[in-house]
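Working notes for the structure below.
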Amino acid sequence: MGLNRFEYIEASSIPEASRFLADRPEEARIYAGGTSLLLLMKQRIARPAYLVNIKKIPGLRYIDKNDGTVRIGALTTHHDLEFSPLIRRWLPVISELEPEVANIRVRSTGTIGGNLGFAEPLTDLPPVLIAMDARIKVADESLERLLPLEHLFRGYYETSLRPQELITEIQVDLPAPFFGIKYLRFSMGSDKPLVGCAVGIRIDPESKLCVDARCVLGCVGPTPLRVREAEEALKGLPYRVNSSAKAARIAATACSPLTDLRATEEYKRAIVEVLMRRAVEEAFRRASSKLQG
Amino acid sequence: MTRKKIILSVNGVRNEIEVEAKETLLETLRNRLDLTGAKLGCDQQVCGSCTVLMNDLPVSSCSVLAMDADGCEILTVEGLGAGGALHPIQQAFIEHGAFQCAYCTPGLILAVKYLLSRFPRPTEPQLRHYLAGNICRCGCHVEILQAVRSLARRAQENQL
Ligand SMILES: Cc1cc2nc3c(=O)[nH]c(=O)nc-3n(C[C@H](O)[C@H](O)[C@H](O)COP(=O)(O)OP(=O)(O)OC[C@H]3O[C@@H](n4cnc5c(N)ncnc54)[C@H](O)[C@@H]3O)c2cc1C
Ligand code: FES
Ligand code: FES
């Protein structure tokens, strides 16, 4: 079908990109890897008059660690994350997940900034990053602000960003000792996830009781869903089949999946329950395994 | 509409081409450079028949803007092999009968090239995983995997 006509601009700095976006809030879109955006344009769902390529802005593609925080530049690709020794060392849950994202070609070009900024419900990174309390750095022409990633997502393909704002960095604090995290996704072949489920568990090394928990679902509602009631059901308890089953039932009820071409609502709820149970078990196991090491 | 002169190095040959903003890399390769190896299939990053290597990484040329490829090194299936000889991957595909209509083949060969450059001796899960994004509608996946395994075996023998 090909693409409709549009103007293509290469921004060389964040202020330049931001100014251009501010002047044309309805017509201009940020273009990073283009993996998601071009697809929407081919389907005539999006018809931007201007694409602002931000990949020529220097200094937005990096993975660093300092002061106990891993910082990932917005232009870092899935492929960069998949093969980064630093990510493998400090945030192995991301190295584990990345090969499952899409296919190798989407991973070569798709960026983490685009993955988050698109706010598509069917993605993998947001639940995992939210389970690690990730923050994003957002910039416009003159100001920068930090916000919890959880607060980025507003609805289907909708974020809390203003039109002139760009995501510039993702920050993840190194996990506390005795924290374990597991992400499980269910999909058919090399496709977008049907359900994603991230569970983080922090235990007290003496009592082995869960002192903090994160239960975050992806793909089963307009935004990533933190199921606080499931988290509460795990706190203060050691790992027990009963309590993980209870948290899983709560999650399956709390989410709002839609019946679509790929599966029915009931089916997705059943998958949520299974994934949540398994992720809780594995997150506990990972948290406890640090007791020896 | 934005038009721009880009520099595209394709199979080692430098090209200066004026392209439109809405032009995809696949359109440039096929319509302007007459390189018809990469093919349009799904047009949505799923099938892989348009796979080319851009700065050594596989991309869906159906979904990369030509302007965005400015300054990049592109490798298409036409750039494989030297002096009329087939590339070992092409040879292995023939030996194992890894195609019928061959629509998927140029893309798959480049996907295999990337796979073997990153993992010269891929494990079975690795080779299945990294090729899962290239779909063969004739259903030659078994033969394709055999061809790649034979290349991996050869890499191993050369190592020993
Ligand atoms: C076939 C296919 C399969 C996929 N499968 C998966 C999957 O399994 N799991 C998964 O997680 N994802 C999947 N994706 C989505 C993929 O992760 C994202 O498409 C990719 O990371 C988006 O990055 P991009 O740079 O290509 O974004 P673009 O397409 O360039 O942009 C997407 C949107 O984000 C905005 N944007 C881009 N960068 C920024 C920024 N820095 N700040 C603010 N807004 C910005 C753009 O304006 C645009 O609206 C899939 C995509 C495709 C096409
Ligand atoms: S045509 Fe590009 S991936 Fe199918
Ligand atoms: S040989 Fe026909 S599509 Fe693969």
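A note on names: the letters A, B, ... follow the listed sequences, proteins ahead of strands, and every chain is numbered from 1.
Of the atoms belonging to A/Leu37, not a single heavy atom falls under 4.5 Å from chain B. With a 4.5 Å cut-off on non-hydrogen atoms, B/Asp68 touches chain A through its backbone and its side chain both. Both the backbone and the side chain of A/Ile104 come within less than 4.5 Å of a heavy atom of chain B. Heavy atoms of B/Ser60 lying under 4.5 Å from chain A belong to its backbone as well as its side chain.
Within 6.0 Å of CG in B/Asp56 there are 12 or fewer heavy atoms belonging to other residues, nucleotides or ligands. Crowding of A/Arg71 atom CZ: a count of heavy atoms from other residues, nucleotides or ligands under 6.0 Å exceeding 12. Surrounding NZ of B/Lys113 are at most 12 heavy atoms belonging to other residues, nucleotides or ligands under 6.0 Å away. Remark: B/Glu124 CD is packed, more than 12 non-hydrogen atoms of other residues, nucleotides or ligands lying under 6.0 Å away.
We find the CG-CG distance between B/Asp43 and A/Leu38 to be 10.0 Å, quoted to the nearest 0.5 Å. For the atom pair NZ (B/Lys22) and CE (A/Met41), the distance works out to 10.5 Å, reported to the nearest 0.5 Å.
A heavy-atom distance below 4.5 Å is not found between the side chains of A/Asn53 and B/Leu65.
Put simply, the side chain of A/Asn103 gets close to the backbone of B/Gln45: a donor and an acceptor are under 3.5 Å apart. Panel note: side chain A/Ser108, backbone B/Pro58; a donor-acceptor pair is recorded below 3.5 Å. Under a 3.5 Å cut-off, the side chain of A/Arg105 and the backbone N or O of B/Gly133 do form a donor-acceptor pair.
Heavy-atom pairs under 4.5 Å with chain B were tallied for A/Arg107, A/Glu10, A/His79, A/Lys55; the largest tally goes to A/His79.
Between B/Ser63 and A/Lys42 the shortest heavy-atom distance is OG-NZ, 3.2 Å. Shown here for B/Ala21 and A/Tyr8, the closest heavy-atom pair between the two residues is CB-CB, 3.8 Å.
Salt bridge absent: B/Arg118 and A/Glu82 never bring a charged side-chain N and a carboxylate O closer than 4.0 Å.
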